[in-house]
Amino acid sequence: QVQLVESGGGLVQAGGSLRLSCAASGSIFSINVMGWYRQAPGKQREMVAHIQSGGSTNYLDSVKGRFTISRDNAKNTVYLQMNSLKPEDTAVYYCYALLLERSKSYFKDYWGQGTQVTVSS
């Protein structure tokens, strides 16, 4: 069974920084994409950042230049460094992974439980 466990959310003032971490554990054979999504109250979930196993990244336009995604393949862990935070970044942030379990023959989406990020003005 695979689990994605996030940490690092919290309350921060506008202009501040937070670093989110997400570790994938369980019977994992390979991880293709890891990333972060967020969902604010009353809004749809949106992709914040993705990183491929080879290191290529893509970002939501509104976070480019402020957020940086990285991953440690040896630890099956993805990070999101968030700088210059704005009140509009307030949301529940969800970790995402597209991975292959050892017992399966296809890649599947997995999600973390979510961590709250609140940015005060």
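One is the number of the first residue; the rest follow in order along the sequence.
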For the side chain of Thr90 and the backbone of Val119, is there at least one donor-acceptor N/O pair under 3.5 Å apart? yes
Membership question, hydrophobic clusters at under 4.5 Å side-chain separation (ILVMFWY): are Tyr94 and Met34 in the same one? no
Between Arg71 and Thr77 (side chain of the first, backbone of the second, donor and acceptor by atom type, cut-off under 3.5 Å), is there such a pair? no
Using a 3.5 Å distance criterion without hydrogens, assess whether the side chain of Glu6 forms a donor-acceptor pair with backbone atoms of Gly114. yes
Are there more than 12 heavy atoms of other residues, nucleotides or ligands under 6.0 Å from atom CD of Gln3? no
Among Trp36, Tyr96, Tyr37, exactly one meets side-chain hydrogen bond (donor to acceptor under 3.5 Å, both in side chains) together with His50. Which residue is that? Tyr37
According to a 4.5 Å side-chain heavy-atom criterion applied to Ile, Leu, Val, Met, Phe, Trp and Tyr, with indirect links allowed, do Trp111 and Val33 form part of one hydrophobic cluster? yes
Validation row: Lys108, Val2 side chains within 4.5 angstrom (heavy atoms): no
Using only atom types and a distance under 3.5 Å, with no angle test, would you say the side chain of Arg102 pairs donor to acceptor with the backbone of Ser27? no
Tyr59 side chain vs Ile69 backbone, donor-acceptor pair below 3.5 Å: yes
Kindly work out whether a path of hydrophobic side-chain contacts (I/L/V/M/F/W/Y, heavy atoms less than 4.5 Å apart) joins Val117 to Tyr79. no
Are the side chains of Ile31 and Val78 in touch, meaning some heavy atoms are under 4.5 Å apart? no
Presence of salt bridge, Asp89 and Lys86, under 4.0 angstrom: no
Hydrophobic clustering (ILVMFWY, side-chain heavy atoms < 4.5 Å, transitive) - are Met82 and Val63 grouped together? yes
